[in-house]
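Okay, structure first, notes after.
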Amino acid sequence: MTAIETPTTSTPDRGTDEVSERLLESAARLSRNAMTEIDWSQPMDPDHHGCSPEWSTLYGTDYWDELTDAQRVALTRHEFASIMTVGIWFEMILQELVFRDQYLGAYHRPEFQFALTEIADECRHSIMFAKASEKMVGTSYRPGPAIGRLGRVFAHTARGAVAYAGILVAEEVLDVFQRGCMRDDRVLPFIRTINEIHVLEESRHMKYAREQVRASVADMSPRKRAFCALYTSLGAREIVSNLVQPQAYADAGLDPERALAERRTNKHFHAMVRSNCTHLMEFLDEVGLLTPAARRNYRRVHMI
């Protein structure tokens, strides 16, 4: 644990408090609740996708060209259900990291109050994703046991810049998929609403995470910064690699081995991910967390 970062009580500065106050005001004015905003009893149009076809991991491949329209709809629904429910997995890790960071925090400060607001938001998001997956495909997806164990290790060891950089990367990755689909009329209306809610509220969380990362790396030694950069990139690599589980392809009626093989060489999908991660990479570079070793991991999952 010491090698990663010794746990410390959060000590927010004035700048962090000012950002937190603005985020608290935004949360009070703009927060939305999918459980009351969406009519979950409405039937689904059989022609509507779970995500924009262009955001399917197989779009542009020979396998995609062989699928019927109905198969493409089923595929995008199972893919997006996997993205949402794997998202629940890392949102639970996120909550544990924030709780741990705030355990003996300055409870009267805006920074602490927004941290708990973020946790409340994440709980609502996880319920929203679970409900959407239940309605859309009637199942959920999780990373395999080995990745599940690695997630537990990260949740119990990450602190400071490692924790918040990991949070930022995970949130940005999910945000990339949802921004690409939230205004597409080909996507199920309730999924578009979910995407709008999540993108809106995660924008606050990402702003908060950026401020925490900046504060954490300000006086960090080059050696610790290099370790933080590497550890964050390893987490990002596993998150991106596990977003669409092989079982999602099988449940959509596809051959999972062929689907995975075509996904690995799908230049269209790789370009979509890379172009939408530009701002994240720029921020990591700005704060010194885009080292050569980290770049190699991001490049392996086409984030750079």
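The basis for the numbers below is simple: all heavy atoms, side chains too, and nothing from hydrogens, waters or symmetry mates. Small disclaimer: the values here were computed from a predicted structure and weren't measured.
- One N or O on the side chain of S233 and one on the backbone of L230 form a donor-acceptor pair closer than 3.5 Å.
- No donor-acceptor pair under 3.5 Å is formed between the side chain of K131 and the backbone N or O of M35.
- In this structure, D47 and D69 have side chains that are not in contact, with every pair of non-hydrogen atoms separated by 4.5 Å or more.
- Across every non-hydrogen atom of A106 and F112, the tightest pair is O-CB, 3.3 Å.
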task: Output, in order, the C-alpha distance, side-chain angles, deciding distance and verdict of side chain to side chain donor-acceptor pair (under 3.5 Å) for E79 and T57.
output: CA-CA 8 Å; E79 285 179 307; T57 59; 2.4 Å; yes

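- Within the 3.5 Å criterion, the main-chain N or O of H108 finds a donor-acceptor partner in the side chain of Q113.
- No side-chain donor from either of S133 and Y141 sits under 3.5 Å from a side-chain acceptor of the other.
- Listed here is the closest heavy atom pair of C123 and Q95: SG-OE1, 3.2 Å.
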- prompt: Can you check side chain to side chain contact (heavy atoms under 4.5 Å, CB included) on R295 and L290, steps first, answer last?
  reply: CA-CA 6 Å; R295 283 179 183 272; L290 197 57; 3.7 Å; yes

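- Under the 4.5 Å side-chain heavy-atom criterion for grouping Ile, Leu, Val, Met, Phe, Trp and Tyr, M220 is connected to V162 within one hydrophobic cluster.
- When side chains are defined from C-beta on, I304 does not count as touching T278, because their heavy atoms never get closer than 4.5 Å.
- Although no hydrogens or angles enter the test, the distance criterion places no donor-acceptor pair under 3.5 Å between the side chain of R237 and the main chain of R300.
- The CE atom of M128 sits 7.0 Å away from atom CD of E201, with the distance rounded to the nearest 0.5 Å.
- At a cut-off of 3.5 Å, with distance as the only test, a side-chain donor of Q212 or E111 sits close to an acceptor on the other residue.
- With a 6.0 Å radius and a threshold of 12 heavy atoms from other residues, nucleotides or ligands, E37 has its CD atom above the threshold.
- Hydrophobic clustering places I88 together with L243 (ILVMFWY residues linked when any side-chain heavy atoms are closer than 4.5 Å, directly or through intermediates).
- With a 6.0 Å radius and a threshold of 12 heavy atoms from other residues, nucleotides or ligands, R142 has its CZ atom at or below the threshold.
- The side-chain heavy atoms of S52 and V187, taken from C-beta on, include a pair separated by under 4.5 Å.
- Between R204 and D121, at least one side-chain N (NZ, or NE/NH1/NH2) sits under 4.0 Å from a carboxylate O, which counts as a salt bridge.
- The hydrophobic clustering, which links ILVMFWY residues whose side-chain heavy atoms are closer than 4.5 Å, places L23 and I119 together.
- Criterion: ILVMFWY side-chain heavy atoms under 4.5 Å apart, direct or through other members. Under it, I83 and I127 are part of a common hydrophobic cluster.
- Within the 3.5 Å criterion, the main-chain N or O of Q245 finds a donor-acceptor partner in the side chain of S82.
- For the residue pair D39 and Q42, a side-chain donor N or O sits within less than 3.5 Å of a side-chain acceptor on the partner.
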task: Give the intermediate values and the outcome of side chain to side chain contact (heavy atoms under 4.5 Å, CB included) for residues L30 and L200.
output: CA-CA 8 Å; L30 301 174; L200 171 69; 4.2 Å; yes

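- Of the N and O atoms on the side chains of Y208 and T117, not one donor lies less than 3.5 Å from an acceptor on the other residue.
- Within 6.0 Å of CG in D45 there are more than 12 heavy atoms belonging to other residues, nucleotides or ligands.
- Residues M136 and F190 form a side-chain contact, since some pair of their non-hydrogen atoms from C-beta on lies under 4.5 Å apart.
- The shortest side-chain heavy-atom distance between V301 and I239 does not fall under the 4.5 Å cut-off.
- Within a 6.0 Å radius of OH in Y107, other residues, nucleotides and ligands contribute more than 12 heavy atoms.
- At most 12 non-hydrogen atoms from other residues, nucleotides or ligands lie less than 6.0 angstrom from CZ of R152.
- Separating the CD1 atom in I38 from the OG1 atom in T193 is a distance of 5.0 Å, to the nearest 0.5 Å.
- Taking the six-membered ring where the residue is Trp, H125 and H198 present perpendicular rings, their angle passing 60° and hence far from 30°.
- F80 has its ring centre no less than 6.0 Å from the ring centre of F177.
- Here the OG-NE2 distance, from S275 to H302, works out to 13.0 Å after rounding to the nearest 0.5 Å.
- At least one side-chain heavy atom of L260 sits under 4.5 Å from a side-chain heavy atom of P246.
- A donor-acceptor pair shorter than 3.5 Å cannot be found between the side chains of E172 and H279.
- A cation-pi contact, defined as under 6.0 Å to the ring centre and within 45° of the axis, is absent between R263 and F269.
- Using a cutoff of 4.0 Å between basic side-chain nitrogens and carboxylate oxygens, E25 and R29 are not scored as salt-bridged.
- Taking the six-membered ring wherever Trp is involved, the centroid distance between the rings of F99 and Y103 does not fall below 6.0 Å.
- Donor-acceptor pairing under 3.5 Å is recorded for the side chains of H205 and E122.
- Residue R299 places its CZ atom among more than 12 non-hydrogen atoms of other residues, nucleotides or ligands, all under 6.0 Å distant.
- Panel note: side chain E262, backbone Y63; a donor-acceptor pair is recorded below 3.5 Å.
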field: Residue pair R179, N276: steps toward the side chain to side chain contact (heavy atoms under 4.5 Å, CB included) verdict
entry: CA-CA 9 Å; R179 283 185 185 275; N276 283 274; 5.9 Å; no

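- Counting only N and O atoms by type, the side chains of D101 and Y164 include a donor and acceptor under 3.5 Å apart.
- With S56 contributing its side chain and P53 its backbone, the two residues share no donor-acceptor pair below 3.5 Å.
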- request: Apply side chain to side chain contact (heavy atoms under 4.5 Å, CB included) to the pair W55 and V176, showing each step before the final yes or no.
  value: CA-CA 10 Å; W55 273 103; V176 160; 3.4 Å; yes

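- Cluster annotation: V173 and M92 are assigned to the same hydrophobic cluster (Ile/Leu/Val/Met/Phe/Trp/Tyr, side-chain heavy-atom contacts under 4.5 Å, transitive).
- A donor-acceptor pair is defined here as one N or O able to donate and one able to accept, closer than 3.5 Å; no such pair exists between the side chain of T85 and the backbone of S140.
- Using modelled atom types, one finds a donor on one side chain and an acceptor on the other under 3.5 Å when comparing R100 with H156.
- Side-chain contact of S126 with E91: a donor-acceptor pair under 3.5 Å is present, judged by distance alone.
- Taking the ring centre of F283 as origin, the terminal cationic atom of R210 falls inside the region bounded by 6.0 Å and 45° from the ring axis.
- Salt-bridge formation is not detected for the pair R192/E196: no Lys NZ or Arg NE/NH1/NH2 atom is positioned less than 4.0 Å from an Asp or Glu carboxylate oxygen.
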